[in-house]
A.B. asks: 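One structure, as structure tokens, below. Some questions next.
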Amino acid sequence: SAPAAAAPGDNYVVDDALTSSRTRWFDEARFGMFIHFGPYAMYRGQYNNCREVEWIKRQCNIPWSDYEAKAAAFNPTAFDANAVVQLAKQAGQKYIVITSKHHDGFAMWPTAVNRWNIRDHSGFNRDILRELKTAATANGIKLGFYYSIWDWHDPDFTGNFPAYITKMKAQLQELVTAYDPAVLWFDGEWTESNPTNPWSAQNGEDLERYVRGIAPQTIINNRVGKRRAIDGDFGTPEQALAGSPPSIQLNESCITINNTWGYAAWDTNFKSPTTMVRDLATLTSNGANLLLNIGPTDTGAVTTGQADGLRGIGTWMATNATAIHGAGHTGLVTQPSWGRVTRKGNKLYLIVNNWAGTLHLTQRSPFTVTGARMIGSSSPVTVRAAGDGYDFLPSGAATNTIATVIEADIVPTA
Ligand code: FHN
């Protein structure tokens with residue numbers, strides 16, 4: 001019989017087999033670093049009495065003359081790609097996504113498309129995207145770029161949209177050719193209610209097709225288009241924990257280490273390593289990634305507060321990363337009140353936040369536990385069938401104040 005007619009958008013439902021080989025590294029990574037960095041950092045979160053960050057131009061009604069003057073003085077000599085990459089690596093992050101262009105339209109690489117970029121406008125004679133790429137590659141970390149579709153600076157965005165799209169594609173071509181990004185992370189497609197943003201569903205389809213054509217291996221987020229469930233390769237819940245499957249195939253929650261994306265001197269509300277590790281465990285147990293954001297200062301430095309948070313996560317990861325990297329959702333158990341359970345092959349990882357009391361696991365599908373042990377300790381763990389599943393009885397105390405991990409060998413029996 002004749003195949004069913006393709007519904008609009010069907011060609012954007014990515015083939016599973018293709019997806020699994022192309023996107024496998026992303027699905028195994030689980031943890032990445034997001035970096036919001038641009039000339040908005042020059043305001044350090046404040047313009048007169050107005051507090052804003054990467055939106056400061058628009059929300060604080062800064063005249064372009066002022067913003068352009070600030071951007072001309074942008075001179076982030078303290079940006080140290082190696083230090084950033086080491087921080088990410090130490091935290092157990094497998095990829096970095098940095099803003100190549102935010103809504104202010106400012107290119108963080110020496111684009112030939114316009115002069116509104118870090119070399120021609122600011123005279124900063126280094127290519128920090130290149131430096132990051134080099135440092136990341138040397139350390140086995142992937143580099144991707146955030147790119148804002150919405151552009152406040154280019155008059156063609158509102159004046160001559162086809163001309164704007166041509167320039168946008170030319171910039172994306174530059175990024176792909178020069179840096180071979182592992183991820184293109186689009187944003188700013190969402191202002192549907194904003195009449196100054198004419199981005200349509202068709203524009204999204206067209207851009208996705210264009211990027212696939214020039215960068216077939218590159219992973220694209222769903223904000224390339226307006227139909228978030230089917231555009232791109234992965235979903236992007238923001239400041240929220242992605243839920244458990246089934247949903248769209250891949251998900252990545254982007255969450256800030258404090259309250260803001262770019263640098264604001266007043267925002268020192270850093271999340272604790274405990275909160276972030278537990279969020280990472282929850283996301284891993286849901287089969288989703290965490291893209292944890294930092295915002296370097298106007299000079300390009302990573303603040304102590306941000307670095308300390310990442311190091312705190314790294315201390316936990318140094319022992320327990322096996323419960324995160326390559327691990328994911330398990331349909332075998334009900335997530336317990338005392339923590340989260342992830343699965344990698346025939347191992348379950350019980351990430352125990354609350355060690356006191358019985359560690360009971362409720363089975364949803366049959367499996368047998370053939371052995372269990374604490375990670376980072378030689379204390380044995382006894383397992384016994386109990387009620388609707390298993391009880392785990394560790395012989396020692398918790399080894400970690402954030403979460404202690406028990407690894408269990410399992411044989412699924414269904
Ligand atoms: O407006 C941006 C915001 O500045 C930031 O880049 C976040 C990151 O996901 N995205 C937008 C809001 O959805």
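Every number for a ligand or one of its atoms is a count from 1 in the order of the listing. In what follows, residues are counted from 1 in the order of the sequence shown. No experiment lies behind these values; they were computed from the predicted model shown.
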A.B. asks: Quick one: does any side-chain atom of Asn203 pair with a main-chain N or O of Ser200 as donor and acceptor, under 3.5 Å?
C.D. replies: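 Yes, because the side chain of Asn203 sits within donor-acceptor range (under 3.5 Å) of the backbone of Ser200.
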A.B. asks: Looking at every heavy atom in both His329 and Ser244, which two are closest together, and how far apart are they?
C.D. replies: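 For His329 and Ser244, the tightest heavy-atom pair comes out as CE1-CB, 4.0 Å.
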A.B. asks: Report the C-alpha distance between Glu252 and Thr236 in whole Å, list the side-chain angles of each, state the deciding distance to 0.1 Å, and finish with yes or no for side-chain hydrogen bond (donor to acceptor under 3.5 Å, both in side chains).
C.D. replies: CA-CA 5 Å; Glu252 176 204 71; Thr236 51; over 6 Å; no
A.B. asks: Taking only heavy atoms of Cys254 into account, list the atoms of ligand 1 that are under 4.0 Å away from them.
C.D. replies: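 Answer, ordered by atom number: 9 (O).
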A.B. asks: Given Val84, which partner from the list Ile141, Val302, Ile128 fulfils the side chain to side chain contact (heavy atoms under 4.5 Å, CB included) test?
C.D. replies: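 Single side chain to side chain contact (heavy atoms under 4.5 Å, CB included) partner of Val84 among Ile141, Val302, Ile128: Val302.
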A.B. asks: Is the contact between Arg223 and ligand 1 made by the side chain, the backbone, both, or neither, using heavy atoms and a 4.0 Å cut-off?
C.D. replies: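 Answer for Arg223: side chain.
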A.B. asks: Quick one: which of Glu189, Glu238, Gln239, His103 has a heavy atom closest to atom 2 (C) of ligand 1?
C.D. replies: His103
A.B. asks: Out of Lys89, Lys133, Met33, which residue meets the side chain to side chain contact (heavy atoms under 4.5 Å, CB included) rule with Ile96?
C.D. replies: Met33
A.B. asks: Can Tyr40 be said to touch ligand 1, with heavy atoms closer than 4.0 Å?
C.D. replies: no
A.B. asks: Which bit of Trp150 is near ligand 1, meaning a heavy atom under 4.0 Å away: side chain, backbone, both or neither?
C.D. replies: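 Neither; no heavy atom under 4.0 Å.
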A.B. asks: If we only count N/O pairs under 3.5 Å, is Glu54 in contact with ligand 1?
C.D. replies: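 The answer is yes, given that Glu54 and ligand 1 share an N or O pair closer than 3.5 Å.
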A.B. asks: Using ring centroids (six-membered ring only for Trp), state whether Tyr67 and Tyr43 fall under 6.0 Å.
C.D. replies: yes
A.B. asks: Show the atoms of ligand 1 that are less than 4.0 angstrom away from any heavy atom in Tyr146.
C.D. replies: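 By the 4.0 Å cutoff, the relevant atoms are 6 (O).
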